[in-house]
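Just so you know, ligand 1 is whichever comes first in the structure, and atom 1 is the first atom listed for that ligand. The residues of the chain are indexed from 1 along the displayed sequence.
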Amino acid sequence: MSQLGHLEAGSRYDLHVGISPDAPDEDELQQGTQGAFGYCHSYETASRYDGPGLRVVLFVSGCLLRCSYCHNPDTWHLKDGTYVSAKEVIDRLAGFAPALRALDGGLTISGGEPLVQAAFTRRILTGAKRLGLHTAIESSGFLGDRVDDRYLSVLDLVLLDIKSSDPVTYRAVTGRELAPTLRFAERLAALGKPVWVRFTLVPGLTDAPENVEGIARFVAPMKNVEWVEVQPFHQLGAFKWKAMGLDYKLSETTLPPSTLVSRVLEQFRNAGCRAR
Ligand code: SF4
């Protein structure tokens with residue numbers, strides 16, 4: 001059993017490693033505690049980027065993907081997170097709730113992947129709803145099969161990362177299969193659950209016109225998709241790869257020029273998506 005710690009405010013660009021060395025592997029986590037405890041990286045208190053209004057963003061640990069452009073490799077493993085109680089997270093959130101409500105915001109759980117610790121994140125989302133907050137998760141959708149009706153009932157928005165429309169590219173980028181993400185997207189569409197699709201634009205990796213076109217065509221008919229957000233690749237997380245002794249293959253990759261960003265936005269808009 002990991003030692004209980006305290007949740008620290010911070011930033012997605014803080015480096016956290018080796019805090020809970022006896023944590024289980026993220027792909028073997030049992031949800032036996034009913035989500036009363038879990039592993040977190042940090043939280044930010046004033047994001048205007050991760051959902052509507054002003055957001056508290058909680059970064060939880062654990063991810064089964066290994067995206068080559070990930071800026072948070074220190075969220076991949078539960079052992080790098082701090083073991084905290086859901087109650088502490090919710091109590092901390094309660095202090096911000098009046099401001100979040102006043103500014104039409106709420107809670108976004110990101111990571112890592114919130115669905116690795118589905119029982120824990122569901123419990124936190126439930127607490128947030130009791131505080132009258134709008135709730136969102138940012139997810140790759142790879143573990144979408146873990147989302148049941150109870151989970152969806154306390155979730156107002158999914159920020160769904162669709163990293164590629166091409167299974168070969170998706171595997172090259174993430175090390176995993178594309179199909180579960182598309183399946184989750186289709187399920188959310190059938191239920192009418194609001195979604196913002198996020199696409200990370202990486203020169204030489206995800207920028208092929210046909211790759212973008214494939215996502216655009218897939219998403220355009222989905223009435224529940226309120227936005228497609230194109231996220232230009234950046235190097236802000238590169239230092240983490242180096243500090244953790246990981247093999248970072250994108251050190252020479254440049255930021256996408258504005259002409260490329262414009263082309264990709266245009267592709268989404270021409271297909272009928274609201275894109276920004
Ligand atoms: S899904 Fe997110 S947290 Fe997981 S490896 Fe990819 S970018 Fe990193």
**Prompt:** Near atom 4 (Fe) of ligand 1, which protein N/O/S atoms are found at less than 2.8 Å?
**Reply:** Cys63 SG

**Message:** Under the side chain to side chain donor-acceptor pair (under 3.5 Å) definition, can you give me all pairs with a residue in residues 214-226, not counting sequence neighbours?
**Reply:** Trp196-Glu226

**Asked** Are Glu44 and Tyr13 close enough, and set up right, to give a side chain to side chain donor-acceptor pair (under 3.5 Å), and what steps lead you there?
**Response** CA-CA 10 Å; Glu44 294 178 2; Tyr13 298 114; over 6 Å; no

**Item:** Asp156 with Lys129: basic N within carboxylate O range, under 4.0 Å
**Value:** yes

**Asp104: salt bridge (charged side-chain N to carboxylate O under 4.0 Å, His left out) partners, not counting sequence neighbours** = none

**Request:** Report the residues that fulfil salt bridge (charged side-chain N to carboxylate O under 4.0 Å, His left out) with Arg48, sequence neighbours left out, ordered by chain and then residue number.
**Result:** none

**Nearest atoms (heavy-atom pairs only) where Val84 meets Gly5** = CG1-O, 3.7 Å

**Item:** Per-atom contacts of ligand 1 with Lys163, taking only distances under 4.0 Å to non-hydrogen atoms
**Value:** 1 (S), 6 (Fe), 7 (S)

